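As structure tokens, the structure follows; a few thoughts come after it.
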There are 4 protein chains.
Amino acid sequence: MSDLKLKKKEHILDIAAKEFADKGYDNSNINEIATLSGIGKGSIYLYFKTKKDLYLATMEKVVEKINESSEEIETNDGPLLEKLKMVIESLFKLEEESLPYIILWSRYQFQNHPDFPDEVFPIFEKLKQPLCDIIEEGVKKKIFYTSHPTESAYLILSMVVLLLPSIQPKPFLGELNSDEKIEYILNFIKNGLTYCKDQE
Amino acid sequence: MSDLKLKKKEHILDIAAKEFADKGYDNSNINEIATLSGIGKGSIYLYFKTKKDLYLATMEKVVEKINESSEEIETNDGPLLEKLKMVIESLFKLEEESLPYIILWSRYQFQNHPDFPDEVFPIFEKLKQPLCDIIEEGVKKKIFYTSHPTESAYLILSMVVLLLPSIQPKPFLGELNSDEKIEYILNFIKNGLTYCKDQE
Amino acid sequence: MSDLKLKKKEHILDIAAKEFADKGYDNSNINEIATLSGIGKGSIYLYFKTKKDLYLATMEKVVEKINESSEEIETNDGPLLEKLKMVIESLFKLEEESLPYIILWSRYQFQNHPDFPDEVFPIFEKLKQPLCDIIEEGVKKKIFYTSHPTESAYLILSMVVLLLPSIQPKPFLGELNSDEKIEYILNFIKNGLTYCKDQE
Amino acid sequence: MSDLKLKKKEHILDIAAKEFADKGYDNSNINEIATLSGIGKGSIYLYFKTKKDLYLATMEKVVEKINESSEEIETNDGPLLEKLKMVIESLFKLEEESLPYIILWSRYQFQNHPDFPDEVFPIFEKLKQPLCDIIEEGVKKKIFYTSHPTESAYLILSMVVLLLPSIQPKPFLGELNSDEKIEYILNFIKNGLTYCKDQE
DNA sequence: AATGAATGAGGTTTCATTCAT
DNA sequence: GATGAATGAAACCTCATTCAT
């Protein structure tokens with residue numbers, strides 16, 4: 001595929017991601033995606049065989065984007081809490097740049113019945129989970145304490161996602177800025193995971 | 001509306017809730033809901049003006065169910081950690097009895113763009129959040145420590161929901177039984193919220 | 001299925017048969033078939049799952065119609081040439097009553113690549129071929145002579161079909177009326193099949 | 001048009017004929033014809049104004065091919081039955097060399113509603129019918145007897161076409177080789193057309 | 001000259017909703 | 001009251017044709 005074609009494909013993907021993130025798969029409309037992409041209805045099909053294919057391609061890109069943003073963390077060798085902070089920050093940063101993709105991801109994470117699970121699950125198996133590694137390492141090094149590191153990592157991830165500004169449409173959450181949120185999450189985690197005896 | 005009619009309406013709602021929970025709004029089919037309800041397709045419209053109306057009615061029932069299950073907790077006067085445990089247990093219990101409703105609720109909680117937000121948000125404003133009260137009380141009594149009680153309550157709620165057996169289709173979580181999960185969540189919360197000084 | 005529904009289904013089939021016979025499968029239009037049937041586009045799908053299904057149903061009816069028309073012949077016990085005449089006459093008669101069906105049949109017979117061969121071949125296996133029986137009997141009784149009775153039957157059938165008034169749109173054929181044609185075919189067959197030694 | 005261009009045009013025609021013969025007009029695809037022809041999709045339109053034009057051009061070539069193959073017969077002066085045999089043989093031979101064209105021709109002959117009849121009928125008016133001449137001559141010379149020479153010629157032609165190996169997809173016909181078929185047809189014709197009095 | 005990316009008309013099919021029975 | 005046959009808007013997708021390069 002030529003460079004130009006690849007660029008257009010990416011452009012369509014970005015538009016489609018936004019549509020899917022906004023309205024979900026069923027309520028998104030190929031015709032509208034085409035129009036918003038600045039191309040004709042039929043042209044979508046030059047790049048993606050079906051609407052479902054287009055959707056799955058956006059899902060691939062979700063994984064790609066998130067994996068990219070965790071790359072830096074893996075190679076870093078600082079203290080664990082620092083790495084933890086980087087994970088959270090990278091997600092907040094990613095949100096600013098690639099909102100639709102992170103929305104799609106959160107939908108996948110927290111929607112018990114994703115569209116096309118048979119095709120989507122394998123895609124998400126390639127998703128890197130740096131949090132797991134960090135927490136497992138922390139447990140080994142006796143910096144963290146948790147009887148179920150994987151579950152803890154999943155919960156922490158959820159927390160972060162739930163506090164991403166765009167993911168909380170509920171009137172229910174207070175107005176903290178990003179830094180305050182990151183601080184808050186880190187504190188919650190630190191307490192939740194670190195050794196701590198005296199209670200109530 | 002006669003008693004019989006009310007009963008039928010509730011029956012339809014239960015069937016519809018299951019369909020909506022299984023397949024989502026768009027992929028649910030009025031005809032199928034009618035058939036499963038044991039009535040004719042046209043008869044649905046004697047009880048609900050449109051499919052959307054039916055959907056909103058199930059959402060109302062979601063709130064109703066969850067509020068019912070928290071009623072007991074509010075009137076209880078035991079220690080706060082006990083009440084916390086009750087909240088979690090009541091959700092696990094509700095899941096067993098009213099799975100579709102709790103699935104619908106979790107979808108609403110974690111899907112940033114619910115179907116018909118304009119109508120759905122007001123419905124969920126009536127949702128009681130006993131967790132908030134408990135945590136706020138705990139903070140006042142200096143049993144819990146958190147700078148943002150509302151956020152904390154929301155996060156804890158999320159944790160619980162995310163660990164409900166039917167809500168986690170991901171292969172990613174370990175195999176804990178309900179009691180172990182409740183225990184685990186409580187520990188995480190206790191650590192995350194209670195006074196705790198020495199770290200790393 | 002209720003009686004009324006069956007009647008409507010037959011009505012749609014008749015309209016569809018005419019369309020398919022006139023334009024072929026691809027150029028026929030569900031919307032138009034519906035309109036001509038006096039019903040809405042979507043209503044076709046109450047009776048037939050897909051356009052292909054509708055087509056196959058017309059093919060079934062083709063076989064049905066032709067088999068009906070040969071029933072009388074099978075039970076008849078007259079002389080073989082009389083039976084031969086009946087076969088031909090029944091086809092000419094069928095043409096008057098059920099033109100589209102006989103056109104569809106001729107399309108199938110002489111179109112080497114029918115639409116949906118995998119489904120259509122089995123349907124036509126149920127087609128009765130009284131000609132074969134008649135000719136085979138004639139060969140046994142030494143009334144007819146042919147080294148290949150099946151091929152001969154097929155050829156005779158083809159002749160008949162090709163001389164059906166509606167099957168010859170070619171300007172190329174002379175203008176004979178039906179009786180003359182039947183007479184002519186019979187003569188051709190008699191000569192072609194019966195014992196005859198002296199030639200050229 | 002340059003020589004090279006003419007050659008390419010013929011090449012495209014051959015490919016198109018194969019496609020049209022295999023799949024019919026509607027199911028053939030300009031893009032595929034182009035690819036198989038080794039040229040770009042758009043280039044087809046340098047040679048043929050529309051898909052319909054391409055189709056009509058293949059039909060012209062059908063007539064051309066068949067006329068070519070009958071040329072030899074016309075100029076030959078042997079006995080009539082010899083000429084008759086040549087007609088049949090030439091068709092069997094043509095089939096081996098130009099299968100798609102002969103398939104297209106048989107479709108035209110036996111499909112009462114060809115695509116684009118208004119344009120196709122005039123094309124086929126140029127088709128030479130040596131059989132007609134032969135039979136008319138035979139009738140005059142009292143070698144053949146038939147009250148309707150044109151019809152007879154048409155029927156004989158049909159027989160031949162129906163027995164062409166590639167034209168009979170029906171499981172219904174026995175397995176004769178080409179020579180046996182030719183022999184069989186000739187016998188049928190001889191009997192069907194020659195003087196013969198005593199019957200049944 | 002040759003290409004193939006782009007287009008959009010047109011076709012099939014689904015399904016919420018209506019309404020005559 | 002209860003029904004389900006009927007409807008038609010709306011969505012996906014194909015493919016002949018155009019046209020800028």
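Since the model is a prediction, treat every value here as computed from it, not as a measurement.
Residue-level contact check: A/S28 touches the backbone only, with heavy atoms under 4.0 Å from sugar-phosphate atoms and none from bases. Contacts of B/K8 with the nucleic acid, taken as non-hydrogen atoms under 4.0 Å apart, involve only primed sugar atoms and P, OP1 or OP2.
Taking a pair as Watson-Crick or G-U with both hydrogen-bonding distances under 3.5 Å, the stems of three or more pairs touching DNA chain E are E:2-21 with F:2-21.
Between the CG atom of D/D53 and the P atom of F/dT18 there is a distance of 11 Å, rounded to whole Å. If you measure from atom CG of A/L54 to atom C1' of F/dA11, you get 15 Å, rounded to the nearest angstrom. Atom pair B/K49:NZ and E/dT17:P shows a separation of 11 Å (rounding to whole Å applied). Put simply, CG on C/N31 is 15 Å from P on F/dA10, counting in whole angstrom units. Rounded to an integer number of Å, the gap from CD of A/E19 to C1' of F/dC12 is 16 Å. Distance, B/D115 CG to E/dA16 P: 13 Å, rounded to whole Å. Rounded to an integer number of Å, the gap from NZ of C/K41 to P of F/dA6 is 17 Å. If you take CD1 of A/I39 and P of F/dA20, they are 18 Å apart, rounded to a whole angstrom.
Across A/I39 and A/I12, no two heavy atoms sit closer than the pair CD1-CD1, 3.7 Å. A pairwise comparison of heavy atoms in A/T50 and A/Y45 identifies CA-CE2, 4.2 Å as the closest pair.
If you check distances only, the side chain of C/K23 never reaches the base of E/dG11 with a donor-acceptor pair under 3.5 Å.
Between A/T50 and C/I44, the residue whose closest nucleotide on DNA chain F is further toward the 5' end is C/I44. Closest-nucleotide positions on DNA chain E for C/I30 and B/Y25 were compared, and the one nearer the 5' end corresponds to C/I30. Toward the 5′ end of DNA chain E lies the nearest nucleotide of D/G40, the other residue of the pair D/G40 and B/D26 mapping further downstream. Between C/G38 and A/S43, it is C/G38 whose nearest contact on DNA chain F lies nearer the 5' terminus.
Summarising the geometry, atom NZ belonging to C/K9 is positioned 11.0 Å from atom CG belonging to C/L46; distances are rounded to the nearest 0.5 Å.
When each of D/Y55, D/F116, D/W105, D/Y108 is checked for a ring pair (Phe, Tyr, Trp, His ring centres under 6.0 Å) with D/F20, only D/Y55 meets the rule.
With sequence neighbours left out, the salt bridge (charged side-chain N to carboxylate O under 4.0 Å, His left out) criterion links A/E32 to A/K23.
The number of heavy-atom neighbours closer than 6.0 Å to NZ of D/K51, taken from other residues, nucleotides and ligands shown, is above 12.
Distances shorter than 4.0 Å separate some side-chain N or O of C/Y47 from OP1 or OP2 on F/dA6. In this structure, C/N29 reaches the E/dG11 phosphate: one of its side-chain N or O atoms is under 4.0 Å from OP1 or OP2.
The pair C/E64-C/K126 does not count as a salt bridge, with every side-chain nitrogen at least 4.0 angstrom from each carboxylate oxygen.
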